[in-house]
Protein chains: 2
Amino acid sequence: MPLAARQEHLLNELRRSNGELSGQDLHARLRQGPHPMGLATVYRHLRQLQQLGLVRCRHLPSGEALYAPVERDEHHLTCVDCGSTTTLESCPVHGAHLSPAQLGGFKPLFHTLEFFGLCDACQQRQQAW
Amino acid sequence: MPLAARQEHLLNELRRSNGELSGQDLHARLRQGPHPMGLATVYRHLRQLQQLGLVRCRHLPSGEALYAPVERDEHHLTCVDCGSTTTLESCPVHGAHLSPAQLGGFKPLFHTLEFFGLCDACQQRQQAW
DNA sequence: GTTGATTTTGAGAATGGTTCTTGGTTGAAG
DNA sequence: CTTCAACCAAGAACCATTCTCAAAATCAAC
Ligand SMILES: [Mn+2]
Ligand SMILES: [Mn+2]
Ligand SMILES: [Zn+2]
Ligand SMILES: [Zn+2]
């Protein structure tokens, strides 16, 4: 089954963007262009693209979900104090495959790996106390 | 600075539990016991315990946050279709440390690593179509 | 081209976990 | 006994996401 036109447009918008986008972001961007789309439709198709293994998604501590093309394998360091994030240049689990025993029939489509801790600045600030 | 009594109770409740708990869960459980606590206080202290590196947190696809003692190093396979999850017996990045260059002063406290894909049952169901 | 069934869509309402506001309580210091 | 700051709880507010359901688009005969 090929992708519907609407889903293509959504995926293109995601690929066009440098960074990850939230559902709201996508809705706002599409609203401007030649292929506007209702918010409900954006979320509907994001879920479908995820199930097809074409889009991945991670959740910010705020609860907001960010989407990206699945081929973009990025991970982050996030400060639990100030919330600042930096992106890792390489994926620490790239290639590290799970054994079939661990998978038990599960077919992996993507993964999220995020590190949480204290950034340099916030450590300094705590020291001061 | 030692932990406040309220924070201890919260941490104890988390440690007492077998699985991860949401903020709501914790509030409900504490409500029963000898140390009830308002919902706002639960969330306040969960954030503080996280910044102290004593508690970790991950987000379900639903957006709900689940908390656990930081020493509990668990990860999951989650089906993007039916939402079922299974727990991995070992952490694939345990020991795989980040280089100081990658960290750049960042002090890691915990990490989240979650795999998303299709469970056996949902793959079957898709085949049937 | 018409018709009726099926699928897709989107505006707005509903949901629900988390955070904010506010006013009260506690407890130590003076 | 005051004062003052820290802590706390109840409920309101917030807001991203999901749900509802009527309208629109698409499809499939005829
Ligand atoms: Mn990766
Ligand atoms: Mn781990
Ligand atoms: Zn920071
Ligand atoms: Zn499944």
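Naming: A, B, ... by sequence-line order, numbering from 1 per chain.
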Asks: Whole-Å distance between dA9(D) P and His35(B) NE2?
Replies: 13 Å
Asks: Remember a base hit wins even if backbone is also touched, and classify Ala4(A) as base, sugar-phosphate or nothing at under 4.0 Å, heavy atoms.
Replies: nothing
Asks: Taking the side chain as every heavy atom from C-beta outward, state whether Thr78(A) and Thr85(A) have any pair of such atoms under 4.5 Å apart.
Replies: yes
Asks: Rounded to whole angstroms, how far apart are CD on Gln50(B) and P on dT18(C)?
Replies: 12 Å
Asks: In whole angstrom, give the distance that lies between atom OH of Tyr43(A) and atom C1' of dT15(C).
Replies: 14 Å
Asks: Is the closest side-chain heavy-atom distance between His76(B) and Leu88(B) below 4.5 Å?
Replies: no
Asks: With a 4.5 Å heavy-atom cut-off, do Tyr43(A) and His27(A) have their side chains touching?
Replies: no
Asks: Can you check nucleotides 10-12 of chain C for protein contacts, nitrogen or oxygen pairs under 3.5 Å, and list what you find?
Replies:
| from | atom 1 | to | atom 2 | distance (Å) |
| --- | --- | --- | --- | --- |
| dG10(C) | OP1 | Arg6(A) | NH2 | 2.9 |
| dG10(C) | OP2 | Gly38(A) | N | 2.9 |
| dG10(C) | OP2 | Thr41(A) | OG1 | 2.5 |
| dG10(C) | N7 | Arg44(A) | NH2 | 2.9 |

Asks: Measure CG/Leu26(B) against C1'/dT18(C) and give the value in whole Å, please.
Replies: 14 Å
Asks: Report the distance from atom CG of Asp25(B) to atom P of dG17(C), rounded to the nearest whole Å.
Replies: 10 Å
Asks: Roughly, in whole Å, what's the span from CG in Leu10(A) to P in dT9(C)?
Replies: 11 Å
Asks: dC8(D) C1' sits how many Å from His9(B) NE2, rounded?
Replies: 15 Å
Asks: Any side-chain heavy-atom pair from Leu3(A) and Leu52(A) closer than 4.5 angstrom?
Replies: yes
Asks: By nearest heavy atom, map His45(B) and Pro61(B) onto DNA chain D; which one lands nearer the 5' end?
Replies: His45(B)
Asks: Which is it for His111(B) and His75(B) under the side chain to side chain donor-acceptor pair (under 3.5 Å) test, yes or no, and what are the steps along the way?
Replies: CA-CA 10 Å; His111(B) 60 264; His75(B) 308 286; 3.3 Å; yes
Asks: Tell me the interatomic distance from His59(A), atom NE2, to dG17(C), atom C1', rounded to whole angstroms.
Replies: 13 Å
Asks: Would you call Pro61(B) and Phe116(B) a side-chain contact if the rule is heavy atoms closer than 4.5 Å?
Replies: yes
